[in-house]
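Below: one structure, written as structure tokens.
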Amino acid sequence: MLEANRNENIEILSYAEVKNVEGCVGNYEIAVEMKPHFVTNDCNGCGACSEVCPVYTSNYFDENLGARKAIDIAFGQAVPFLYDIQRDCCVECFSCVEACELDAIDFSQIPEEVKFKVGTIIIATGWDIYEPYGEYGYGEFDNVITQAQLERMLAPNGPLEGHVRRISDNKKPKEIVFIQCVGSRDTERTYCSGVCCMLALKNGKLIKEEFPDANITICYIDMRTNEKGFEEYYQRAKNSDIRMIRGKVGEISEDLETKDVKIRVYSSLTDEIIKIDADLVVLSSAALPSKGTEQIAKVLNLDVDRNGFLTESHFGLMPQETKTKGIFIAGFAQGPKDISYSVSQARAAASKVAELTAPGKVDIELITAEIDKDYCISCRRCEKECPKGAIKIVDIEGAIVDEINCDGCGICATCCPTQAIDIRYYRDYQLYAEIEGILGGD
Ligand SMILES: Cc1cc2nc3c(=O)[nH]c(=O)nc-3n(C[C@H](O)[C@H](O)[C@H](O)COP(=O)(O)OP(=O)(O)OC[C@H]3O[C@@H](n4cnc5c(N)ncnc54)[C@H](O)[C@@H]3O)c2cc1C
């Protein structure tokens, strides 16, 4: 992010929400709401305001494991490097105002709308984590955390500076159990989150490095380690003393005194019930499309699949394109994937954008649908069937074709019950003339 911020061709609008998009490829107008930081650009990040702030609140960046002040920096690499005030917990004592030598605190800031034009759009709104409240004691037992929380514990810039501890007493854990596929591959979310098997193996190995005597167990349905080098990594993890149990955890309870988590799991490979007294349980909970994905899909009228991931034009051949010309997708917003796959998709989307915009003008399809208003009965079949969303029924006028988005596939013409739609250059009489020409008729 810091590197992107230093690039003079990139402008980052952080703490912002896209509210509206109008126009078409080559000429989109975007309306963005800039949220107030309540701190102006005069802030030099000295932190004096945060030091005097009396209010602590949970730190969302650290998956709520650590605390932050009501006025604080979101995280170490935030762009811009500005402090912000969380007004929902700020008590308005104004000690930050007094502490700031640059007069950079401004409680009067309100959301601001900015508008700008772009030729193309790439959506890469990523993932959010499923918070499995009520499952496997999460939210109820102190020492049950998610994989995302463990990642923050292991991060050198995290709340524990890279060290793993129990939540209940801050002690080093000895017996650690990972439970896979929490909230995924079930009836509600049938898909695989795609990254959790490797994540459990990687984090298990990292914990082993810090605590060589720790016992790590992974309870799994099946291990999905099918990318380059992943299977070898899995085998190495198994050889480094990580215990693998193929089976779902059936019972979980908390020892009220020690806060240990008692687990019973049936191992389908050895046909036995295994009991474990765990110090720490890590749930590999489902990765969901982010809330931002849902919001942006609504703004741009894009399709999402049953799990909320953005739908591409063609899964195999046009994985970065959407049904709307000039709008592309990349990364987790399109479906679960790891970083290397996300990077490949991002680069593919960027080159699609360059391909479209570099000539300075956009080619549109000559062969498009054409409506005969006298026959159109506004039944909306064409609107429903058009894979590009390029036909709209407008009350008085009947069907209207968006000629920029229409690629002349002809689906609308085939489903029109009154034959009100023709495809330019493929009109019936033109096709008959061609056939006759081929057959040599007069
Ligand atoms: C717990 C967990 C651990 C993982 N660990 C690994 C790992 O070790 N190795 C690996 O290869 N992969 C890992 N992955 C997968 C990896 O995180 C993803 O592949 C990668 O983050 C996808 O990148 P992205 O840019 O598509 O999405 P993200 O990294 O999620 O970025 C999306 C960004 O878009 C922003 N955003 C969302 N909505 C909006 C909006 N409406 N407007 C503006 N901005 C918005 C978000 O705030 C976010 O900054 C992990 C995934 C999970 C869930």
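Count residues from 1 along the sequence. When a ligand or atom number is given, it counts from 1 through the structure's own listing order.
In the model, N143 has a side-chain atom that pairs as donor or acceptor with a side-chain atom of S168 under 3.5 Å. E231 and Q235 are linked by a side-chain donor-acceptor pair at a separation below 3.5 angstrom, with hydrogens and angles left out of the test.
Relative ring orientation between F309 and F332 is described as tilted, the plane-to-plane angle lying within the 30° to 60° band.
Ionic pairing of E3 and R6 is not present here: no N-O contact between side-chain nitrogen and carboxylate oxygen is shorter than 4.0 angstrom. Contact check on K248 versus D186 returns no salt bridge, with no Lys/Arg side-chain nitrogen under 4.0 Å from an Asp/Glu carboxylate oxygen. E321 has no carboxylate O lying under 4.0 Å from a charged side-chain N of K388, or vice versa, which leaves the two without a salt bridge. Salt bridge annotation for K325-D363: absent, with no cationic side-chain nitrogen under 4.0 angstrom from a carboxylate oxygen. Using a 4.0 Å cut-off between a side-chain N of Lys or Arg and a carboxylate O of Asp or Glu, D402 and K392 do not qualify as a salt bridge. In summary, E209 and K205 do not engage in a salt bridge, as defined by a charged side-chain N under 4.0 Å from a carboxylate O.
Under a 4.0 Å heavy-atom criterion, I296 is not in contact with ligand 1. Taking 4.0 Å as the cut-off, V195 counts as a neighbour of ligand 1 on heavy-atom distance. Within the 4.0 Å heavy-atom shell around ligand 1 one finds K202.
Of all protein heavy atoms, the one lying nearest to atom 41 (N) of ligand 1 is Q295 OE1, 3.1 Å. Protein heavy atom closest to atom 43 (C) of ligand 1, with residue, atom name and distance, is A16 O, 4.4 Å. The shortest contact between atom 3 (C) of ligand 1 and any protein heavy atom is with L199 CD2, 3.2 Å. Protein heavy atom in closest approach to atom 28 (P) of ligand 1: G126 CA, 3.8 Å. For atom 36 (N) of ligand 1, the closest non-hydrogen atom of the protein is T125 O, 4.0 Å.
The closest heavy-atom contact to atom 52 (C) of ligand 1, among the options F332, Y130, W127, comes from W127. Summarising the contacts of atom 33 (C) of ligand 1 with A124, P336, S342, the nearest heavy atom is found in A124.
Those atoms of ligand 1 that come under 4.0 Å of a heavy atom in G331, given as number and element, are 26 (O). Within the listing of ligand 1, atoms 10 (C), 11 (O), 12 (N), 19 (O) sit less than 4.0 angstrom from a heavy atom of D338. Which parts of ligand 1 touch S290 is read off a 4.0 Å heavy-atom cut-off, strictly below it: atoms 37 (C), 38 (N).
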(message) Determine whether Y130 and E188 satisfy the following criterion, side-chain hydrogen bond (donor to acceptor under 3.5 Å, both in side chains), listing intermediate values before the conclusion.
(response) CA-CA 12 Å; Y130 166 64; E188 199 180 332; 5.7 Å; no

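Both the sub-6.0 Å distance and the 45° axial angle are not jointly satisfied by K117 relative to the ring of Y28.
Under the 4.0 Å distance rule, the nearest protein heavy atom to atom 47 (O) of ligand 1 falls outside the cut-off. There is a protein heavy atom less than 4.0 angstrom from atom 26 (O) of ligand 1. For atom 5 (N) of ligand 1, a protein heavy-atom neighbour is found at a distance under 4.0 Å.
Looking at I339 next to ligand 1, an N or O pair under 3.5 Å apart turns up.
Contact annotation: for K337 versus ligand 1, heavy atoms closer than 4.0 Å belong to the backbone alone. Proximity of T146 to ligand 1, defined as any heavy-atom pair under 4.0 Å, is not found for any part of the residue.
None of I129, D62, L65, L283 except one satisfies the side chain to side chain contact (heavy atoms under 4.5 Å, CB included) rule with Q149; the exception is L65.
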